[in-house]
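All values below come from the heavy atoms of this structure, side chains included, with hydrogens, waters and symmetry mates left out.
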Amino acid sequence: MAETVFSPSLEGMKHVKSENGVILTKPFLDVCKQILPVLDKFGAAMALVKSDIGGNITRLENKYSSDTSKYEHLYSMVQEEVQKKTAKGSSSCTNGLLWLTRAMDFLVELFRNLLEHPDWAMSQACTDSYTKTLKKWHGWLASSSFTVAMKLAPNREKFMEVISGTGDIKADIEKFCTTFYPFLKENHDFLV
C-alpha cells in the first residue's frame with residue numbers, strides 16, 4: 001500500500017470520535033503524536049513547535065492515564081478543571097489542550113499553504129501560517145524566536161520529497177487538512 005508520513009494520522013482520525021460523536025482522548029492525542037515525525041522532517045526550524053506540542057500531549061496523556069475511564073472523553077478533563085476552578089492555571093490540562101489545538105491549527109494552515117501556494121518558499125509558507133494562527137497569542141520573545149527559527153526552514157522541494165514516501169502526498173495533505181480541521185474547530189468552540 002502506498003504511504004506518506006500522513007498515513008498513520010489519517011488512519012487514526014477514523015477513531016477520534018465515539019459512536020455518539022464525542023472526541024475521545026487517547027485517539028485524538030495519538031493523531032497529534034503521529035504528526036510529530038512530520039515535524040522532524042523540518043529539522044531545527046520546527047524544534048520549538050515540536051517540543052511545545054509534545055509537552056502538551058504528555059500533560060494530557062498523564063491526566064488521561066490517571067483514570068482512563070473518567071477521562072475517556074477529551075473534554076472531561078477541562079470540565080473537571082472548570083468545576084474545581086483550576087482551568088486557568090498555566091499547567092492545567094485546559095491550557096494544554098488550548099495550546100495543543102493552537103499549534104495544530106498552525107500545522108493545518110502550513111500544510112494548506114503548501115498545497116495552495118506551490119510557488120512559495122517554505123519560510124514564506126511557515127511565516128504566513130504563523131501570522132494567521134499563533135502570532136496573536138505570542139509575546140515579543142516567542143514571536144522573535146519563531147522568526148529566527150523560520151530562517152532554518154528546509155528547502156520546500158526536498159521537504160516534499162522526504163514526506164512523500166510512496167503515496168500521493170498532495171491527496172494525503174488535503175485529506176489531513178479537511179479531516180483534522182473540524183476536530184480543532186470543535187475544540188475551539190468547546191474551549192470558548
Side-chain angles (χ1 to χ4, degrees), residues 4-13 15-16 23-65 71 74-75 77-78 81 87 89-114 122-123 125-139 141-154 159 162-163 172-173 175-188 190-191:
T4 69
V5 291
F6 288 95
S7 300
S9 61
L10 291 172
E11 184 55 37
M13 280 190 250
H15 310 288
V16 167
I23 295 181
L24 300 170
T25 305
K26 180 148 179 35
F28 177 78
L29 295 176
D30 286 348
V31 168
C32 293
K33 252 198 277 195
Q34 287 157 341
I35 295 303
L36 295 180
V38 180
L39 297 183
D40 287 336
K41 309 297 183 207
F42 278 94
M46 289 290 172
L48 219 62
V49 174
K50 184 182 179 196
S51 167
D52 188 47
I53 290 171
N56 286 317
I57 290 171
T58 301
R59 180 188 313 182
L60 294 162
E61 274 183 334
N62 289 343
K63 183 72 163 184
Y64 168 77
S65 297
Y71 300 119
L74 185 61
Y75 304 150
M77 299 175 207
V78 174
E81 288 178 346
S90 63
S91 62
S92 70
C93 287
T94 304
N95 204 27
L97 179 59
L98 175 65
W99 281 101
L100 176 59
T101 301
R102 286 174 177 171
M104 289 298 174
D105 283 339
F106 163 73
L107 294 177
V108 167
E109 190 62 36
L110 172 58
F111 297 132
R112 199 175 278 142
N113 274 344
L114 291 174
M122 183 63 85
S123 58
C126 291
T127 301
D128 180 78
S129 305
Y130 178 73
T131 302
K132 288 178 181 169
T133 58
L134 290 170
K135 188 173 183 167
K136 63 183 163 242
W137 309 110
H138 281 171
L141 187 63
S143 201
S144 299
S145 299
F146 189 88
T147 303
V148 169
M150 284 312 97
K151 299 207 184 317
L152 304 171
F159 173 77
V162 169
I163 66 170
D172 279 7
I173 289 175
K175 206 179 303 172
F176 174 79
C177 292
T178 55
T179 309
F180 197 57
Y181 177 75
F183 299 136
L184 300 177
K185 181 166 182 349
E186 195 171 321
N187 285 354
H188 283 300
F190 174 78
L191 289 165

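Looking at Asn56, its side chain does come within 3.5 Å of a backbone N or O of Asp52 through a donor-acceptor pair.
Between Asn113 and Ala125, the closest heavy-atom pair is ND2-O, 3.2 Å.
Note on residues 31-46: pairs passing side-chain hydrogen bond (donor to acceptor under 3.5 Å, both in side chains), not counting sequence neighbours, are Lys33-Glu61, Asp40-Lys50.
Within 6.0 Å of the OH atom in Tyr181, the count of heavy atoms belonging to other residues, nucleotides or ligands does not exceed 12.
Using modelled atom types, one finds a donor on one side chain and an acceptor on the other under 3.5 Å when comparing Glu81 with Thr94. Between His188 and Asp105, the side chains place a donor N or O and an acceptor N or O closer than 3.5 Å (distance only, hydrogens not considered).
The distance from atom OH of Tyr64 to atom OG1 of Thr58, rounded to the nearest 0.5 Å, is 15.0 Å. In this structure, CG on Leu107 lies 10.5 Å from CD on Glu109, to the nearest 0.5 angstrom. Taking NZ from Lys26 and CG from Leu60, the interatomic distance works out to 12.5 Å, rounded to the nearest 0.5 Å. Note that the CZ atom of Phe28 and the CG atom of Asn187 stand 4.5 Å from one another [nearest 0.5 Å]. Here the straight-line distance linking atom CZ of Arg102 with atom CG of Leu97 works out to 10.5 Å at 0.5 Å rounding.
The aromatic rings of Phe180 and Phe183 sit perpendicular to each other, their planes meeting at more than 60°, with 30° as the lower class boundary. By the 30° and 60° cut-offs, the orientation of the rings of Phe6 relative to Phe111 is perpendicular.
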